[in-house]
Amino acid sequence: NAGVMQNPRHLVRRRGQEARLRCSPMKGHSHVYWYRQLPEEGLKFMVYLQKENIIDESGMPKERFSAEFPKEGPSILRIQQVVRGDSAAYFCASSPRAREDEQFFGPGTRLTVL
Amino acid sequence: GENVEQHPSTLSVQEGDSAVIKCTYSDSASNYFPWYKQELGKGPQLIIDIRSNVGEKKDQRIAVTLNKTAKHFSLHITETQPEDSAVYFCAPHYTSYDKVIFGPGTSLSVIP
């Protein structure tokens, strides 16, 4: 059973471009979470999704950031008009049920904004 | 409010010694208490968890103890090895808010 997959692993964008991060949860998992981690810091919750629904986006900036988890295909975290402050590692996690279960993390996407 | 603290923030031990990391939280309704290990350049991975109906759980060299009254739970690593060097995060599930809040992390260094 493959683990959580994220791609790309590394992404370089210039200021003003769009970044699109993909996450394929573990097979059978319908709950997906996105986190951001700055160097030497902890994990900051961004958004929690179930298939086709955003359950909690309280940690996501209101502008430029969006997330989706379509019926078919991976979950996508989209950052429009990136700025240098968006440079971070973005982790996706999935779980089979709700939040009071183990979360299985992907390897992360490291975004660098030039 | 939602508040999770870890102590200490950094910990350095000699190989073979024990390490203890404490996590305090503020939601008395929390019912799920996991610890994650994050190695450099990788995503976090669950190493042990405990639910509110149990006071202690052990898995080989790793144990977790829970004190619901005092609202803290601790990670215990015995006979530490260099490969235990990593950042450890607690992530209690806040039932009242239906959120998982990650602690700020504890950087553990095991000196050979």
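Just so it is clear: chains get the letters A, B, ... in the order the sequence lines come, proteins before strands, and each one is counted from 1. Side-chain atoms are counted along with the backbone in the values below, which use heavy atoms only and exclude waters and symmetry mates.
With a 6.0 Å radius and a threshold of 12 heavy atoms from other residues, nucleotides or ligands, K58(B) has its NZ atom at or below the threshold. Counting heavy atoms of neighbouring residues, nucleotides and ligands inside a 6.0 Å radius, atom CD of E63(A) does not exceed 12 of them. In this structure, L40(B) places its CG atom where only 12 or fewer heavy-atom neighbours from other residues, nucleotides or ligands lie under 6.0 Å away. Atom CZ of R78(A) sits in a crowded spot, with more than 12 heavy atoms from other residues, nucleotides or ligands closer than 6.0 Å. For E68(A), the CD atom counts as densely surrounded, since its 6.0 Å shell holds more than 12 non-hydrogen atoms of other residues, nucleotides or ligands. No more than 12 heavy-atom neighbours from other residues, nucleotides or ligands sit within 6.0 angstrom of CD on E79(B). Other residues, nucleotides and ligands contribute over 12 non-hydrogen atoms within 6.0 Å of the CD atom of E18(A).
Y33(A) contributes no side-chain N or O that, together with a main-chain N or O of V100(B), makes up a donor-acceptor pair within less than 3.5 Å.
Counting heavy atoms from C-beta on, the side chains of F102(B) and Q37(A) never come closer than 4.5 Å. When side chains are defined from C-beta on, L46(B) does not count as touching Q103(A), because their heavy atoms never get closer than 4.5 Å. Annotation: side chain of F91(A) is not in contact with side chain of K42(B) (no heavy-atom distance under 4.5 Å).
Residue E102(A) holds its CD atom at 12.0 Å from CD1 of I48(B), rounded to the nearest 0.5 Å. Rounding to the nearest 0.5 Å places CG of L43(A) at 5.0 Å from CZ of F89(B).
For Q6(B), no part sits under 4.5 Å from any heavy atom of chain A, backbone or side chain. For a residue to count as touching a neighbouring chain, one of its non-hydrogen atoms must lie under 4.5 Å from one of that chain's; by this rule F33(B) does not touch chain A. With a 4.5 Å cut-off on non-hydrogen atoms, Y35(A) touches chain B through its side chain but not through its backbone.
When G41(B), G103(B), S107(B), P104(B) are compared by the number of non-hydrogen pairs under 4.5 Å with chain A, G41(B) comes out ahead.
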